[in-house]
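Heads up, the thing below is written out as structure tokens.
Below, all heavy atoms of this structure are taken into account, side chains as well, without hydrogens, waters or symmetry copies. All chains are named by letter (A, B, ...) in the order of the sequence lines, taking the proteins before the strands, and each is independently numbered beginning at 1.
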Amino acid sequence: GGIITQTPKFLIGQEGQKLTLKCQQNFNHDTMYWYRQDSGKGLRLIYYSITENDLQKGDLSEGYDASREKKSSFSLTVTSAQKNEMAVFLCASTLGGYEQYFGPGTRLTVL
Amino acid sequence: QEKVQQSPESLIVPEGAMSSLNCTFSNSASQSIWWYQQHPGKGPEALISIFSNGNKKEGRLTVYLNRASLHVSLHIRDSQPSDSAVYLCAVSFGGNNKLTFGQGTVLSVIP
């Protein structure tokens, strides 16, 4: 089996700050995803990548950048943190578009 | 934009009862439908998926899909306290490796 690791587990930043979240997977999966989960809501897709150096925008990409420099890692940058962005950010990966495997999440708090 | 709606928002059942969760989606051309389980502080984990009209049974879980009515349901037989979690319905619209998630149903199984 494999695992998805997300760092950090908790991230506290100041409003307007640039913040980076990291994700690593050892499944050798091609496609990786970043989702945002707000309290009481489902998951919304921010960015996804079907192979290294590929980036595709999701429904919620405004205010975020992403980077996929290696097959095993996918980073997400909040370009200017806002108070209404307090949420859990989830990374996932899949092989061939079937079952998505998720990491434990990074909980973002903006002061 | 494709939509996925889940009902009820929350469900409380006694131990041993059947739990029934519902999901409607906006497009009959959907590919596959997934149900994910998410415990507090964890990432979602895939439980069961269905592609064809009809039903699919795995252990205590049964899924029913009716594409004509754009409806899918998940039934958990003999519900246990360990089944208490958020259940997310996710639909693949088109062959682009993307899932659209519903807002989730919070299931509480009372001993």
Side-chain angles (χ1 to χ4, degrees), chain A residues 1-10 21 23-25 27 29-51 54-61 68 74 87-108, chain B residues 1-11 21-27 30-51 56 58 61 63 72 74 85-108:
Chain A
I3 192 167
I4 295 183
T5 305
Q6 291 189 239
T7 54
K9 192 170 175 65
F10 299 94
L21 294 69
C23 176
Q24 295 265 354
Q25 54 98 358
F27 288 102
H29 285 167
D30 294 313
T31 306
M32 296 185 73
Y33 308 82
W34 276 108
Y35 292 92
R36 174 175 152 177
Q37 186 174 33
D38 294 272
S39 179
K41 295 189 179 178
L43 280 61
R44 289 184 286 173
L45 183 64
I46 304 172
Y47 269 98
Y48 68 108
S49 165
I50 60 175
T51 187
D54 173 74
L55 288 175
Q56 310 276 343
K57 291 184 178 181
D59 299 325
L60 205 62
S61 61
R68 181 101 183 267
F74 195 25
V88 175
F89 291 81
L90 291 162
C91 176
S93 70
T94 188
L95 183 66
Y98 294 102
E99 178 180 348
Q100 291 189 17
Y101 293 82
F102 284 83
T106 291
R107 184 174 294 275
L108 174 65
Chain B
Q1 189 173 353
E2 309 296 356
K3 293 192 186 303
V4 177
Q5 295 281 347
Q6 291 185 240
S7 64
E9 285 188 13
S10 61
L11 179 64
L21 292 72
N22 298 292
C23 175
T24 58
F25 46 96
S26 57
N27 187 336
S30 60
Q31 301 279 302
S32 56
I33 293 96
W34 292 83
W35 284 95
Y36 282 79
Q37 180 191 56
Q38 185 177 24
H39 283 108
K42 308 279 188 186
E45 287 187 21
L47 282 178
I48 190 168
S49 64
I50 190 165
F51 176 78
K56 180 179 179 181
E58 288 185 2
L61 306 178
V63 181
V72 61
L74 171 68
V86 174
Y87 288 79
L88 297 161
C89 174
V91 181
S92 169
F93 294 102
N96 57 8
N97 294 354
K98 287 168 61 176
L99 290 175
T100 300
F101 284 80
Q103 80 280 18
T105 291
V106 180
L107 173 65
S108 300

Mark yes when over 12 heavy atoms from residues, nucleotides or ligands other than B:Glu45 sit less than 6.0 Å from its CD; otherwise mark no.
no
Side chain, backbone, both or neither of A:Tyr101 within contact of chain B (heavy atoms, under 4.5 Å):
neither
So which heavy atom on B:Gly43 is nearest to which on A:Leu90, and how close?
CA-CD2, 4.1 Å
Please report the closest heavy-atom contact between A:Glu99 and B:Ala46, naming both atoms and the distance.
OE2-CB, 3.3 Å
Do other residues, nucleotides or ligands put more than 12 heavy atoms under 6.0 Å from A:Arg44 CZ?
yes
Rounded distance [0.5 Å steps], OH in A:Tyr48 versus CG in B:Leu99
11.0 Å
Quick check for you: to the nearest 0.5 Å, what is the distance between A:Gln37 atom CD and B:Gln38 atom CD?
4.0 Å
Just verifying a value: how many Å separate A:Phe102 CZ and B:Lys42 NZ, rounded to the nearest 0.5 Å?
15.5 Å
More than 12 heavy atoms of other groups within 6.0 Å of B:Lys3 NZ
no
Any chance you could measure B:Glu2, atom CD, to A:Asp59, atom CG, to the nearest 0.5 Å?
10.0 Å
A:Ile3 atom CD1: more than 12 heavy-atom contacts under 6.0 Å:
no
Under 4.5 Å heavy-atom distance to chain B, tell me which part of A:Leu45 shows up: side chain, backbone, both or neither.
side chain
